[in-house]
2 protein chains.
Amino acid sequence: MKGHQVTIKDIAKILHISPSTVSRALKDHPDINPKTKKNVQDLAKKLNYKPNQVALNLLQKESKIIGVIVPEIIHYFFSTVISGIEKIANEQGYHIIIAQSNESYHKEVENVQALMSSNIDGFIITMAKTTMNFDHFKNIETVGVPMVFVDRSCDEVTADKVLVDDFDGAYKATKHLIDNGCKTIVHLAGPQNLEIGIQRKEGFLAALNDANVPVSDFSIQICDSHDHALRLLPELLSKRNNIDGIFAVNDLTAIGAMKAVKAMNKKVPDDVAISGFTNSFISYIADPELTTIDQKGFEMGQHAARMLLKRIKSDENYGPVTTILNTELVVRKSSLRKK
Amino acid sequence: MKGHQVTIKDIAKILHISPSTVSRALKDHPDINPKTKKNVQDLAKKLNYKPNQVALNLLQKESKIIGVIVPEIIHYFFSTVISGIEKIANEQGYHIIIAQSNESYHKEVENVQALMSSNIDGFIITMAKTTMNFDHFKNIETVGVPMVFVDRSCDEVTADKVLVDDFDGAYKATKHLIDNGCKTIVHLAGPQNLEIGIQRKEGFLAALNDANVPVSDFSIQICDSHDHALRLLPELLSKRNNIDGIFAVNDLTAIGAMKAVKAMNKKVPDDVAISGFTNSFISYIADPELTTIDQKGFEMGQHAARMLLKRIKSDENYGPVTTILNTELVVRKSSLRKK
DNA sequence: AGTCATTTCGCAAACGTTTGAAATAGTATC
DNA sequence: GATACTATTTCAAACGTTTGCGAAATGACT
């Protein structure tokens with residue numbers, strides 16, 4: 001069925017010379033007779049010769065491929081991270097091979113092993129939420145394949161990391177709500193066993209504290225999904241009618257809250273101002289458009305790729321580097337009040 | 001820096017036997033002494049031996065990798081397609097390598113060439129909008145690498161295709177609006193040089209025709225972006241106050257229209273019912289949630305992968321197959337009126 | 001003891017490419 | 001006409017694995 005790409009051997013046979021001569025001619029080696037060189041190069045172009053990457057890979061132990069493992073590419077954040085990675089990788093002649101863990105530890109282990117045997121030059125990984133055992137990462141480490149963690153940190157393995165300053169982001173979002181006149185702000189918080197859940201909550205509390213805004217017993221609600229917010233907020237708002245600000249741990253939850261607030265005939269932002277976190281595409285779709293914290297997925301991806309490629313190309317074994325990117329407050333209508 | 005994965009040669013050296021014996025022992029070849037077999041297998045397990053895919057690839061001319069080229073993975077539709085592909089591919093022991101064209105012809109050509117020299121076993125491609133020359137695809141064809149087109153068809157190349165019935169989808173959406181009492185429906189149409197733009201418009205017109213709903217001079221508006229809809233609709237609605245239904249060529253445009261309608265203090269769906277097309281994630285985010293046509297990205301991906309793998313594994317050279325998937329009407333609040 | 005079969009293993013080639021070293025041919029020098 | 005040098009080309013090994021074929025060793029049977 002499958003034909004075959006033109007090889008150096010084919011060219012050699014046609015021109016009645018040896019493969020090594022062809023190889024050298026193609027890369028302008030000074031030892032080769034200019035006439036031979038021209039013959040070879042012309043024929044190569046004519047036959048559309050392209051070097052077989054697999055053979056080069058086997059020989060040189062580098063595949064020019066980096067493996068990317070993320071939970072799910074359908075999430076806007078991860079697809080922006082991937083785009084950032086691909087951009088930098090392509091610029092430096094690398095390709096990426098993508099595998100999804102679907103937040104499953106087992107799928108993650110499978111993916112790591114499969115990619116390891118494909119002579120991947122390096123890994124960029126966002127761990128699955130369910131990953132508690134890190135042997136598969138340690139295996140990567142011992143074999144000596146470079147690896148960068150993105151967004152979710154794994155302290156048990158020495159590797160480069162690209163994180164985002166969740167605390168500061170939450171702080172900025174909360175301060176922004178306060179600055180817009182919110183007196184009673186609720187934080188819809190993520191699970192408190194995850195670092196991002198904790199950091200964003202702490203940033204929220206710190207901002208309240210610095211502005212001398214009192215914290216109530218209902219200030220923090222564990223609620224991190226669209227539907228949960230849709231259920232929770234009517235109840236919460238009817239009990240606490242003075243709530244005038246909501247900072248949600250992610251955009252989707254913020255939008256759920258927004259819908260609930262509107263359904264109770266309260267105005268966003270005038271009655272209740274709302275901020276999300278991530279700056280995913282949907283924050284632009286919401287009505288009113290959602291104020292949020294840009295988590296810089298594209299930049300994270302770019303940084304991760306640069307760090308990885310630097311390590312791939314480096315000979316010395318410098319210690320692990322952690323980059324923490326700054327978030328950015330994106331002010332849109334859901335929080336902007338005329339003062 | 002980089003250590004190295006354990007190879008067959010390593011095992012052979014340790015056990016003072018030849019690589020060929022190790023190879024055979026590992027795959028339970030009957031020629032091998034059970035005792036040797038056990039030694040080899042035990043040591044392999046202990047050293048965590050994993051066969052080097054690259055070497056196998058070079059030898060057997062198959063990489064177990066399929067190349068996927070799409071315009072942009074950040075688009076919900078494409079990421080669902082990819083998820084569908086990955087699922088089927090993984091089930092059959094394949095991995096996918098993803099490249100984005102960013103709707104650029106040149107990037108697409110580059111990607112094709114780069115993946116070709118990586119001994120990809122097959123391609124799944126959604127062409128860039130700007131692609132008008134098909135030599136790079138013809139090259140794939142002549143080399144004999146199987147290829148499946150998804151969503152956007154390319155008639156100049158013989159290859160399998162997975163498409164969706166745009167005409168029928170548009171027909172169903174329009175009929176649904178009519179069934180919900182809409183008398184004056186506007187279609188926000190895509191560019192009429194693209195097949196999907198044409199098909200969706202034709203489906204719209206056919207539905208109107210079958211229901212004896214008259215077509216006005218303003219029934220079709222070329223408008224296929226969120227912002228364009230935001231600008232266009234206030235103008236349109238003030239001129240034509242009787243418009244009571246909108247069928248947009250995609251969800252994003254539909255949501256832009258929805259925002260504009262709401263801003264004019266008209267109610268969705270009671271004053272104006274709206275339907276989009278694609279069923280992307282944002283249709284669930286819109287307020288009210290958007291009725292739309294499910295374009296079945298995940299299923300398209302799965303189909304494409306199955307078709308490709310079938311061809312990869314097949315010896316006979318059967319003719320190209322085109323699969324046209326049915327869309328599905330997803331009814332949500334933006335179009336549902338109490339009759 | 002010679003023949004034959006059986007069991008177990010190693011050799012060598014192959015996949016496509018690169019590269020140090022060796023070989024060949026040609027030219028110049030003495 | 002021998003030596004040395006240069007220019008150009010080829011050889012062979014290597015990357016890790018598979019596999020047809022042959023080799024060696026063992027045992028059984030005549």
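By convention in this document, chain letters (A, B, ...) are assigned in the order of the sequence lines, proteins followed by strands, and residues within each chain are numbered from 1.
Overall bending of the helix from C:dA1-D:dT30 to C:dC30-D:dG1, expressed as the angle between end axes built from five pairs apiece, is 90° (10° steps).
The CD1-P distance, from B:Ile17 to C:dC11, rounds to 12 Å in whole Å. B:Asp10 places its CG atom 8 Å from the P atom of D:dG16, with the value rounded to the nearest Å. Rounded to a whole Å, the NZ atom of B:Lys37 is 10 Å from the P atom of C:dC9. Between the CG atom of B:Leu26 and the P atom of D:dT19 there is a distance of 13 Å, rounded to whole Å. Put simply, CD1 on B:Ile8 is 8 Å from C1' on D:dT18, counting in whole angstrom units. When the C1' atom of C:dG16 is taken as reference, atom CG of B:Leu56 falls 15 Å away, rounded to whole Å. We find that CD of A:Gln60 is positioned 20 Å from P of D:dA13, with the value rounded to whole Å. To the nearest angstrom, C1' of C:dC15 lies 15 Å from CG of B:Asp121.
Under the 3.5 Å distance criterion, with hydrogens and angles disregarded, no donor-acceptor pair is assigned to the side chains of A:Gln5 and B:Asn119. Between the side chains of A:Ser118 and B:Gln53, no donor-acceptor pair is found at a separation under 3.5 Å.
The side chain of A:Thr36 contributes an N or O atom lying less than 4.0 Å from OP1 or OP2 of D:dT9. For C:dT18, the OP1/OP2 oxygens have a side-chain nitrogen or oxygen of A:Ser23 closer than 4.0 Å. Applying the 4.0 Å criterion to OP1 and OP2 of D:dC15, one finds that B:Lys9 has a side-chain N or O inside that range.
Between A:Leu58 and B:Val22, the one whose closest nucleotide on DNA chain C sits nearer the 5' end is B:Val22.
Using a 4.0 Å heavy-atom cutoff across all strands shown, A:Thr21 reaches at least one base atom of the nucleic acid. Residue contacts shown for A:Leu59 include a base, since a base heavy atom lies under 4.0 Å away. Using a 4.0 Å heavy-atom criterion, one finds that B:Ser20 contacts the bases of the nucleic acid, with or without backbone contacts as well.
If you check C:dT8, C:dG16, D:dT10 against the side chain of A:Arg24, the one that comes closest is D:dT10.
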Under 3.5 Å, which protein N or O atoms sit close to an N or O of nucleotides 22-28 of chain C? Give each pair with its distance.
none

